Number of protein chains: 2
Amino acid sequence: MVLERALAILDVLAAAGSDLGTNEIARRAGVNPSSASRLLATLARHELVRRAAGTGRYHLGLRLVELGSSALSRVDLRDLARPRLTALMEATGETATLSIPGDTTAMTLDFVQSVSSVRSIAEIGRPSVPHATAIGKVYLSYGGRLPGAELAACTPRTITDRAVLDKALAEIRERGWAEALEEREVGLHAIAAPVLDANADLVAILGLQGPSWRFDVRAMRAAAPRLIEHASALWRGPGR
Amino acid sequence: MVLERALAILDVLAAAGSDLGTNEIARRAGVNPSSASRLLATLARHELVRRAAGTGRYHLGLRLVELGSSALSRVDLRDLARPRLTALMEATGETATLSIPGDTTAMTLDFVQSVSSVRSIAEIGRPSVPHATAIGKVYLSYGGRLPGAELAACTPRTITDRAVLDKALAEIRERGWAEALEEREVGLHAIAAPVLDANADLVAILGLQGPSWRFDVRAMRAAAPRLIEHASALWRGPGR
DNA sequence: CAGAATCTTTGCCATTTAGGCAATGCTGTT
DNA sequence: AACAGCATTGCCTAAATGGCAAAGATTCTG
């Protein structure tokens with residue numbers, strides 16, 4: 001039970017943009033201030049959180065950077081995928097991403113940013129919105145479960161109907177790649193393709209994303225075969 | 001108490017190179033297997049750890065990547081330092097690093113890798129050995145505390161005598177930069193300089209490192225003024 | 001292929017520990 | 001200067017924990 005609370009506190013701090021005080025944390029995490037105080041003291045002792053020198057407010061600690069980095073480094077997939085991400089970015093001019101499936105969503109592991117001055121941003125450690133992104137739809141198509149029943153609308157074009165989504169997922173399985181047209185963010189287009197292992201289990205997802213005016217439907221369709229090629233080659237990749 | 005155990009488990013998993021089973025984790029973390037089993041179940045529920053599909057063994061989970069990334073992003077110092085790291089790397093040809101001080105050591109936040117084929121490796125989220133690295137010595141010189149009394153020898157050239165170290169630290173404070181000559185790793189030379197805020201508190205550390213045959217004492221001395229310049233300019237940097 | 005040896009999980013129970021309340025000491029604001 | 005909000009600490013009860021032991025599952029070995 002204490003773990004849950006500690007986790008809630010960490011989540012609150014992760015979600016907060018700025019440093020927070022004990023009471024504020026307690027309120028947002030739904031725990032008693034006294035519990036928060038004690039938990040924070042323990043967390044601080046292990047540097048999972050850190051209090052700012054002057055204000056006494058808390059933010060996430062460096063130990064988490066260490067643990068996160070350790071969780072990342074386990075996945076040597078990144079080393080294998082790096083050259084492919086670069087190749088994809090150079091071929092299309094758009095940002096290429098590598099994600100891996102988790103229990104509830106897929107998460108960005110690595111990316112190669114577009115060199116264009118107008119580029120779409122990617123961030124390591126950012127989870128996908130399963131039903132509203134190309135990566136997320138690949139995740140759902142190949143075994144990912146959708147926890148909640150309701151589909152939140154991120155933009156006017158987000159798929160919010162379960163039946164429509166299921167149909168799209170089936171299509172993706174057939175075609176081998178997914179697209180998302182301004183479904184998570186207005187002005188952002190993306191495609192994604194699964195990396196499957198010998199058992200046809202989903203081990204990773206390659207994605208491409210760019211501004212909708214440049215990375216339009218034609219560009220997406222044109223890039224898809226190359227994306228699929230790299231994705232399917234990734235598993236067989238060097239040494240594996 | 002449960003938090004400590006959970007942390008111990010995470011540490012074990014972070015340290016382990018490969019996935020581990022419940023018993024093995026319990027043994028290494030010094031907890032009862034039954035406790036480990038229950039703790040792991042809780043941790044897995046929150047995706048702090050994840051069990052491999054086939055084997056049932058555990059490794060660190062993606063949530064940690066998210067939290068670590070969140071802890072990192074808080075520090076917009078990276079954005080400020082990026083161009084300086086690049087400039088330093090281009091001027092010297094060696095790997096430039098940005099670290100920030102924690103409670104017990106300094107940690108690498110960002111780096112720009114040398115373009116030379118022979119380059120020294122850097123890694124985000126790696127803590128410094130305080131007494132055996134240039135970065136660590138800057139950390140100690142400007143307020144960092146040294147927890148343990150004993151100084152472990154990483155190489156034959158590591159400073160293991162407390163008095164010698166104290167003298168070196170005093171010198172660093174005077175001179176404004178630190179050096180490490182194969183003290184953490186044979187064949188690796190490094191220098192580092194503090195980034196101080198208005199109160200002369202240590203907010204970050206810039207470092208340069210390279211192979212000893214190329215980044216020799218002369219090259220280090222030559223690079224030092226430029227490093228100091230960037231480090232002291234960083235705090236005043238754009239917008240701040 | 002069978003027996004053995006681990007490994008993993010779960011029920012059980014005494015003990016420890018956590019969590020809420022309330023009180024105290026602080027900090028910063030009007 | 002008074003006050004409101006914040007952070008911390010005793011205290012006590014209730015609940016979660018951790019060790020033991022046993023059962024189920026899996027793997028190794030002969």
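Quick caveat: nothing in here was measured; it's all calculated off a predicted structure. Just so it is clear: chains get the letters A, B, ... in the order the sequence lines come, proteins before strands, and each one is counted from 1.
- The separation between Leu43(A) atom CG and dT8(D) atom P is 13 Å, rounded to whole Å.
- Ion pairing between a basic and an acidic side chain is recognised when a charged N comes within 4.0 Å of a carboxylate O; Arg57(B) and Glu24(B) show no such pairing.
- Between the CG atom of Leu40(B) and the P atom of dT10(C) there is a distance of 12 Å, rounded to whole Å.
- Going from atom CD1 of Ile9(A) over to atom C1' of dA7(D) covers 14 Å, rounded to whole Å.
- For the pair Thr97(B)/Asp110(B), no side-chain contact is recorded, criterion being any heavy-atom separation below 4.5 Å from C-beta on.
- Place Val2(A) and Gly21(A) on DNA chain D by their nearest nucleotides, and Gly21(A) ends up nearer the 5' end.
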Steps toward side chain to side chain donor-acceptor pair (under 3.5 Å) verdict (His131(A), Glu183(A)): CA-CA 9 Å; His131(A) 68 283; Glu183(A) 291 168 36; over 6 Å; no

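- Side-chain atoms of Thr155(B) and Thr158(B), non-hydrogen and from C-beta on, do get closer than 4.5 Å to each other.
- The CG atom of Leu3(A) sits 8 Å away from the P atom of dT17(D) (whole-angstrom rounding).
- In this structure, the side chains of Val112(A) and Arg82(A) come closer than 4.5 Å at one or more pairs of heavy atoms.
- A heavy-atom distance below 4.5 Å is found between the side chains of Asp11(A) and Arg63(B).
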message: For nucleotides 20-30 of chain C, give me one character per nucleotide, 5' to 3': B if any protein heavy atom sits under 4.0 Å from the base, S if the only such contacts are to the sugar-phosphate, - if neither.
response: BB---------

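- The shortest distance between the side-chain N/O atoms of Thr22(B) and the OP1/OP2 oxygens of dC7(C) is not below 4.0 Å.
- Using a 4.0 Å cut-off, no side-chain N or O of Arg51(B) falls inside it from OP1 or OP2 of dT8(C).
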